[in-house]
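See below for the structure under consideration.
No experiment lies behind these values; they were computed from the predicted model shown.
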Amino acid sequence: MKKLLSLLLLLALTLCFFVSCKDDASTPDNTQGTPDASTPDTTVARIGYLPGTTALGMAKMVSDADSAYNYTKYNGATYIATALMNGEIDIAAYPTNGVPTLSSKVTGGVQYLAINTLGVLYLCTNGVTINSLSDLAGKTVYVPEQSPKMILEYILEKKGIENVTIQMSSLDLLPGQIVSGENGVQIALLPEPKVTVAANTAKAQNVTDFAVSSVDLNAAWDEVSDTPLVQGCVVVRTEFAAAHPEVVKRFLTAYAASIEYIKNPDNLDAAAQIVAATGILPAAAVAKSAIPRSNLTYLAGAEMKTAAAGFLAALGIQFPDNGYFLGE
């Protein structure tokens with residue numbers, strides 16, 4: 001009898017062993033990193049921005065210091081381009097017209113995420129009066145960069161205004177030159193916040209002949225182009241966007257809210273303080289004057305593609321049929 005009980009006990013233990021082995025074999029080994037689709041992507045996005053209008057809409061986000069984002073301020077588009085090329089940042093505020101060249105240099109390319117500013121160019125004068133674009137005929141206009149030159153040339157050509165000399169100058173020097181009249185500078189095409197810098201300098205020096213012309217270059221562009229004048233944007237490395245779509249989507253949601261806050265006239269005083277504190281503009285007084293003239297906007301998806309592609313085409317900038325626009 002004892003032998004029978006021992007045999008039955010041994011048989012039971014053997015069966016338990018095999019059942020246990022079978023269950024273990026069919027159970028996933030979660031310790032080996034089996035992906036869980038329900039786990040949110042907590043990757044920290046590294047974001048670069050420039051002092052100036054392209055980063056104005058980002059100011060609230062930078063100020064909020066959300067741990068989901070790591071911000072770095074650069075002092076020129078060249079430095080941002082290098083950081084993107086080296087994989088040091090993932091998302092960046094950047095001039096719209098520079099994206100095709102930038103994309104060709106970054107491994108895997110970059111994509112437009114959103115348009116953040118429309119036209120930010122204004123004609124400033126000293127000693128002459130410009131009430132319409134036709135008043136520029138026979139005169140010299142000083143411009144600080146290639147993009148403003150191309151924009152002005154496009155508008156003048158489409159409107160049939162000839163005999164306008166366009167002279168390049170330094171972005172840093174031109175506000176002072178138009179105020180002082182140095183080197184005969186009487187008409188300058190300046191972007192914000194340099195317009196505000198020039199106006200404040202003129203006021204401090206009691207230069208009464210300085211003025212910001214009433215000519216609206218945005219309106220002039222709209223009269224000759226089917227797409228808006230879009231000068232600032234945000235881009236993302238294509239590889240980062242493919243690997244972290246949730247992170248990019250969250251960024252865009254927060255970015256749209258930040259732009260809306262900064263551009264809201266009811267928030268102007270607070271927004272000016274934020275912009276100055278983040279170093280995007282040098283002082284709250286400058287920001288308070290510059291924000292209303294910076295034409296902050298938020299265009300994404302198909303609307304972004306139409307606007308950016310139209311702008312690049314108008315300037316004669318070549319770009320591929322696909323690969324540049326996220327979420328179109």
Check: Out of curiosity, Q111 CD to E239 CD, how far, rounded to the nearest 0.5 Å?
Finding: 11.0 Å
Next item on the list: Test side chain to side chain contact (heavy atoms under 4.5 Å, CB included) on I274 and Y261 and set out the steps.
Entry: CA-CA 11 Å; I274 290 172; Y261 179 90; 3.9 Å; yes
What pairs of donor and acceptor atoms, side-chain ones from residues 156-169 against any protein atom, are under 3.5 angstrom apart with sequence neighbours left out?
residue : atom : partner : partner atom : Å
K159    : NZ   : E223    : OE1          : 2.5
S169    : OG   : Q177    : OE1          : 2.9

Checklist line | Hphob cluster co-occupancy, V185 + I187, side-chain heavy atoms under 4.5 angstrom | finding: no
Check: How far apart are the C-alpha atoms of F210 and T201, what are their side-chain angles, what is the distance that settles it, and do they pass the side chain to side chain contact (heavy atoms under 4.5 Å, CB included) test?
Finding: CA-CA 10 Å; F210 173 86; T201 302; over 6 Å; no
Next item on the list: May I ask you to decide if T43's main-chain N or O and D41's side chain share a donor-acceptor pair within less than 3.5 Å?
Entry: yes
Check: Going by the angle between their ring planes, with limits at 30° and 60°, are Y154 and W221 parallel, tilted or perpendicular?
Finding: tilted
Item checked: Pairs satisfying ring-ring contact (aromatic ring centres under 6.0 Å, His included), at least one member in residues 162-186, at least two apart -> none
Checklist line | Any T82 side-chain heavy atom under 4.5 Å of Y74 side chain | finding: no
Check: What is the distance from atom CE of M61 to atom CZ of F251, rounded to the nearest 0.5 Å?
Finding: 5.0 Å
Checklist line | Where I178 and A198 come nearest, the two heavy atoms and their spacing | finding: CG2-CB, 4.2 Å
Next item on the list: Begin with the C-alpha distance, continue with both residues' side-chain angles, and end with the deciding distance and a verdict on side chain to side chain contact (heavy atoms under 4.5 Å, CB included) for L136 and V215.
Entry: CA-CA 11 Å; L136 295 177; V215 173; over 6 Å; no
Margin query: To the nearest 0.5 Å, what is the distance between CD on E303 and OG1 on T227?
Written below: 11.5 Å
Notebook entry, point to check: Does I262 share a hydrophobic cluster with V120, counting links as ILVMFWY side-chain heavy atoms below 4.5 Å and allowing steps through other members?
Noted result: no
Checklist line | Spacing of CG belonging to N97 relative to SG belonging to C233, to within rounding of 0.5 Å | finding: 8.5 Å
Next item on the list: Using atom types as modelled and distance alone, determine if a side-chain donor or acceptor of S103 lies under 3.5 Å from a backbone N or O of P100.
Entry: no
Margin query: When you compare the side chain of M58 with that of I47, does any pair of heavy atoms fall below 4.5 Å?
Written below: yes
Note to self: What I'd like to find out is whether the side chain of L315 reaches to under 4.5 Å of the side chain of I151, using heavy atoms alone.
What the structure shows: yes
Check: Is it true that Y79 and V106 fall in one hydrophobic cluster, defined by side-chain heavy atoms closer than 4.5 Å?
Finding: yes
Check: Which pair of non-hydrogen atoms, one from L190 and one from C124, has the smallest distance, and what is that distance?
Finding: CD1-SG, 4.1 Å
Next item on the list: Tell me, yes or no, whether the heavy-atom count around K139 atom NZ, taken from other residues, nucleotides or ligands under 6.0 Å, exceeds 12.
Entry: yes
Next item on the list: Say whether V195 and L56 are linked into one hydrophobic cluster, either directly or through other cluster members, by side-chain heavy-atom distances under 4.5 angstrom.
Entry: no
Checklist line | Residues that K203 engages under salt bridge (charged side-chain N to carboxylate O under 4.0 Å, His left out), provided they are two or more places apart | finding: none
Margin query: Quick one, D172 with S170, criterion side chain to side chain donor-acceptor pair (under 3.5 Å). Give me CA distance, side-chain angles, the key distance, then yes/no.
Written below: CA-CA 5 Å; D172 292 329; S170 162; 4.7 Å; no
Checklist line | Stepwise side chain to side chain donor-acceptor pair (under 3.5 Å) check, E192 with T196 | finding: CA-CA 7 Å; E192 279 292 0; T196 296; 2.9 Å; yes
Next item on the list: Identify the heavy atoms of N126 and G181 that sit nearest to each other, and give their distance.
Entry: ND2-N, 4.0 Å
Check: Within a strict 4.5 Å, meaning less than it, do heavy atoms of the P148 and P191 side chains meet?
Finding: no
Check: What is the ring orientation for Y69 with Y71, classed by angle as parallel under 30°, tilted 30 to 60°, or perpendicular over 60°?
Finding: tilted
Next item on the list: Flag yes if L123 and V128 sit in one hydrophobic cluster, no otherwise; membership is Ile, Leu, Val, Met, Phe, Trp, Tyr, and two members link when side-chain heavy atoms are under 4.5 Å apart.
Entry: yes
Checklist line | Minimum-distance pair of heavy atoms, taken over all atoms of A59 and T278 | finding: O-CG2, 3.8 Å
Notebook entry, point to check: Heavy-atom distance under 4.5 Å between the side chains of Y94 and T54, does that happen here?
Noted result: no
Margin query: Please give me the minimum heavy-atom distance between I91 and A45, naming the atom from each residue.
Written below: CD1-CB, 4.3 Å
Margin query: Strictly distance-based, threshold 3.5 Å: is any side-chain N or O of N200 a donor or acceptor partner for the main-chain N or O of V197?
Written below: no
Check: Rounded to the nearest 0.5 Å, what separation is found between the CG atom of N70 and the CZ atom of R46?
Finding: 8.5 Å
Note to self: Quick check for you: to the nearest 0.5 Å, what is the distance between I291 atom CD1 and T53 atom OG1?
What the structure shows: 11.5 Å
Notebook entry, point to check: Excluding sequence neighbours, so at least two apart, what forms side-chain contact (heavy atoms from CB on, under 4.5 Å) with K288?
Noted result: L268, D269, A272
Next item on the list: Taking all heavy atoms of I155 and all of A220, pick out the closest pair and write down the distance.
Entry: CG2-CB, 3.9 Å
Next item on the list: May I ask you to decide if T107's main-chain N or O and R237's side chain share a donor-acceptor pair within less than 3.5 Å?
Entry: no
Notebook entry, point to check: Are side-chain heavy atoms of L189 and L217 found at a separation under 4.5 Å?
Noted result: yes
Notebook entry, point to check: For the side chain to side chain contact (heavy atoms under 4.5 Å, CB included) test, which of N295, L296, T297 pairs with T117?
Noted result: L296
Item checked: ring-ring contact (aromatic ring centres under 6.0 Å, His included) contacts touching residues 119-148 (sequence neighbours left out) -> none
Next item on the list: I would like to know whether I115 and F311 meet side chain to side chain contact (heavy atoms under 4.5 Å, CB included); could you show each step before the answer?
Entry: CA-CA 11 Å; I115 299 297; F311 175 68; over 6 Å; no
Checklist line | Residues, nucleotides or ligands: over 12 heavy atoms within 6.0 Å of D226 CG | finding: no
Checklist line | salt bridge (charged side-chain N to carboxylate O under 4.0 Å, His left out) partners for K60, two or more places apart | finding: D64
Notebook entry, point to check: Any side-chain heavy atom of S258 within less than 4.5 Å of one from V62?
Noted result: no
Note to self: Counting C-beta onward and ignoring hydrogens, is there a side-chain heavy-atom pair between M304 and F325 closer than 4.5 Å?
What the structure shows: yes
